[in-house]
Amino acid sequence: MQSCSSQLPLLTPRHYSYSLPRTAAAALTFLSLLLSRHLVFTTVSHFTLQPSAHTQSSCTKGAREGGRRKAGGVRTEQLEMLSFSHSPIVSYLLWCLVLLALASSNGVGATAKPKVVGSGYKLVSLVQLPNGGGLVGYLQVKQRTSTYGPDIPRLRLFVKHETRERVRVQITDADKPRWEVPYNLLPREPAPPVTGGRVTGAPFTAAEYPGEELVFTYGRDPFWFAVHRRSTRQPLFNTSAGALLFKDQYLEVSTALPKDAALYGLGENTQPGGIRLRPNDPYTIYTTDISAINLNTDLYGSHPVYMDLRSLAGRGVAHAVLLLNSNGMDVFYRGTSLTYKVIGGLLDFYFFAGATPLAVVDQYTSMIGRPAPMPYWAFGFHQCRWGYKNLSVVEGVVEGYRNAQIPLDVIWNDDDHMDAAKDFTLDPVNYPRPKLLAFLDKIHAQGMKYIVLIDPGIAVNNSYGVYQRGMARDIFIKLDGQPYLAQVWPGPVYFPDFLNPNGVSWWIDEVRRFHDLVPVDGLWIDMNEASNFCTGKCTIPKKHQCPIPDSKTPWVCCLDCKNLTNTRWDEPPYKINASGQTARLGFNTIATSATHYNGILEYNAHSLYGFSQAIATHKALQGLQGKRPFILTRSTFVGSGAYAAHWTGDNKGTWENLRYSISTMLNFGIFGMPMVGSDICGFYPSPTEELCNRWIELGAFYPFSRDHANFASPRQELYVWESVAKSARNALGMRYKLLPYLYTLNYEAHLTGAPVARPVFFSFPDFTPCYGLSTQFLLGAGVMVSPVLEEGATSVRALFPPGTWARCSRCSAAGSSPGTPARRRSRWWWRSRWAPRRRTRRAPCTWTTTSGRRWRSRRGRRRTCGSTRACAAGRSRCGRRR
């Protein structure tokens, strides 16, 4: 059997955008008949070359094990494929034949001419609206082209300085409204309505349109625009180097960048190179249920925003750019340029002046919504597992933490509590309601909390009340006038439409009914990209059951389905790099030709699904409890942080994933979602004892700290290994000492958007060596965490920015640092400006849970504990006032 490293490289449409001609296909078919012992051949659809199935299985088995796609399997689109096997000579001949066929039929070579996509626009009129209403102009296409569809002939330009630090530049069709993010989901200043005619105002002839901090400039023929700082004339965004392209399903605009600009954001994805964006890495933005172990791939969230940090004369200056658009897009970052290629909607840019990273996030969240204030208990430690098959197991987990003297504030259930995986139900055998209520009374009396999972897919079952009430209110997404049929854990499902007011009120009522059944303390909304085990238009099979009884692979589609290829929404002219392999937009999700309320296309609203569900869930819990809700969501969009927390999805128990978790966490702080964390010890498969030791030492300082695992993985609660339990008592002991500090950071985040966990450059923007630092981070402005991230390591080589640092554990001064790396055993340091002038007594609750419960210290002594209010009024062990 071949090793993975010896296989041929994967040739995908991202490398060669040529179709395979019939002559080449015929030649390959003929050769395959001659060499049938060495070649497995089927019809070529997207021209993807991959190893044969039996060879590939040895390479991807580890990624596919562990159960469902939710368990982190590497997805490969189920396309027809050409596979080679065994003979290197045969493989070489076939590769030569394929490449020769491509070259001869498509003109690959020195004489090949790139396709002309568009020629840009010219500005034909520009007026200034009265009362500071901004500028409105009209653009005319210079020369029509047909690549990716016809150009929209007339565009409308709208520019307004909305605040002192923010300017908006919107470009859309001048004659008819286009899709944009609904204002009821993301409230913001409205743009003037599209009228198709001229707008009343004074002609604007000046070369610049200045605001207090930012200046808008433009060119007329061809039209381009730029934004620069008023004080320094530093250019922030400049489109003069490339043509503006605007078609119905293809929008393109580029900006020049200085070579030394440090960019961050453009997510959600797992970035192996760290938090700083790397030139030529792919950045595709489209919400997708694909495991977070897939690198540089569009994941669960859509955040088309980036922060740009530049060092000018020794001073770090930051700004941010948001393209508010929910359609799928590719963003190409080349180091000196950045290009957006968007498949719909409009160009709606917001520029935030900064000029510090904290100021950028403040300005950004003031526009998209401030982060939701989290309840105090949410900063305690959480435990979950997919596979707690009955209530006795959950009770045993709680008891295990208590016996190990490891703090635990929140216990979770994945879908194990459900009756046949149906939302808002209880398994009458494994989670009988009387016993569950007695368990909740017990843990609530101890100050603990209980959270359960719900998925958006509603089981198609005529005896299921949730389904019956949904059908009666007509609240499901439709395809061809009928509810769109998909498959998730309960089998055939329909997806509620959260853009439908009736869908929102139905959801709120179902949450109320479930809360009456089980008084949960929060909700976990998962699989809301939305995830679908099938693709295309499906029907319930007549020849077999679906779901298949006692199936070991319930994530395999059992519906009768056919691909949808007959609409431009299912097969757009430009293919984004979806799932990292140019997959169909509707692959394993809702068909993009399906429709929401008022005919809204899934094609446009796809990436808003999890966001709209989070808003509806927030309304439901807030109305029920009258308290700050706690909601954990997997799929996110711009503004999701105002309603929910986030975890980084299905990661893997490896040292690489341990490192990646820091960058993803820090990115979400920039995105305005500071309550974020990764599955501690990894979701799958089995972590090593050493890795779990190191992961809890890091994970104890995620803003959201939770251990979560897959059902196929061995048990990995923190008390399973004695060494891990010891590390947990130590690391979580530090976390619990810092609870008032974390809670204060939560409050500051709600007021200003400041991330709880933030990159080091947030506090040291002038210190350029930390611009790419992704192995350390700050809690607040000056508590640095420098975790062990390498197997076998016993010390950390940490970078200390200039200043005096003190070790948190003993408050001993580390000395003045000139900004050079130092090897330290300790991983906790305070900035000098917070170092105490004199030692003070310890606070009375140096180790307490969020509910005020006492835990035995690692020395075996019991420490006194007052109320959380008394603790918040005390002093830390290092002497800093809280």
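Basis for what follows: all heavy atoms, side chains included, without hydrogens, waters or symmetry-related copies. Residues: numbered from 1 along the sequence shown. Remember, it's a predicted structure, so these values are computed and weren't measured experimentally.
Ile290 CD1 to Ser531 OG: the interatomic distance, rounded to the nearest 0.5 Å, is 11.0 Å. In this structure, OG on Ser635 lies 8.5 Å from NE2 on His646, to the nearest 0.5 angstrom. A distance of 5.5 Å separates CG of Leu658 from CG of Leu698, quoted to the nearest 0.5 Å.
The distance between the ring centers of Tyr300 and Trp647 does not fall below 6.0 angstrom. Aromatic ring centres of His303 and Phe637: separated by at least 6.0 Å.
The stretch residues 420-438 participates, sequence neighbours left out, in these salt bridge (Lys or Arg N to Asp or Glu O under 4.0 Å) pairs: Asp419-Lys422. Listed by first then second residue, pairs satisfying salt bridge (Lys or Arg N to Asp or Glu O under 4.0 Å) with a partner in residues 679-688 read Asp679-Arg706, not counting sequence neighbours. The salt bridge (Lys or Arg N to Asp or Glu O under 4.0 Å) contacts involving residues 383-396 comprise Lys389-Asp416, where partners must be two or more places apart or lie in separate chains.
When side chains are defined from C-beta on, Tyr719 counts as touching Tyr401, because their heavy atoms get closer than 4.5 Å. The side-chain heavy atoms of Tyr609 and Glu529, taken from C-beta on, include no pair separated by under 4.5 Å.
Thr648 meets the side-chain hydrogen bond (donor to acceptor under 3.5 Å, both in side chains) test with Ser678; sequence neighbours excluded. For the side-chain contact (heavy atoms from CB on, under 4.5 Å) test, residues two or more places apart in sequence or in another chain that qualify with Ala645 are Met374, Phe630, Leu632, Met675. Not counting sequence neighbours, Cys384 has no partner by the disulfide bond (SG atoms under 2.5 Å apart) test.
With Arg634 as the fixed residue, the side-chain hydrogen bond (donor to acceptor under 3.5 Å, both in side chains) test singles out one of Asn528, Asp455, Asp289: Asp289.
Between the side chains of Thr287 and His606, a donor-acceptor pair is found at a separation under 3.5 Å.
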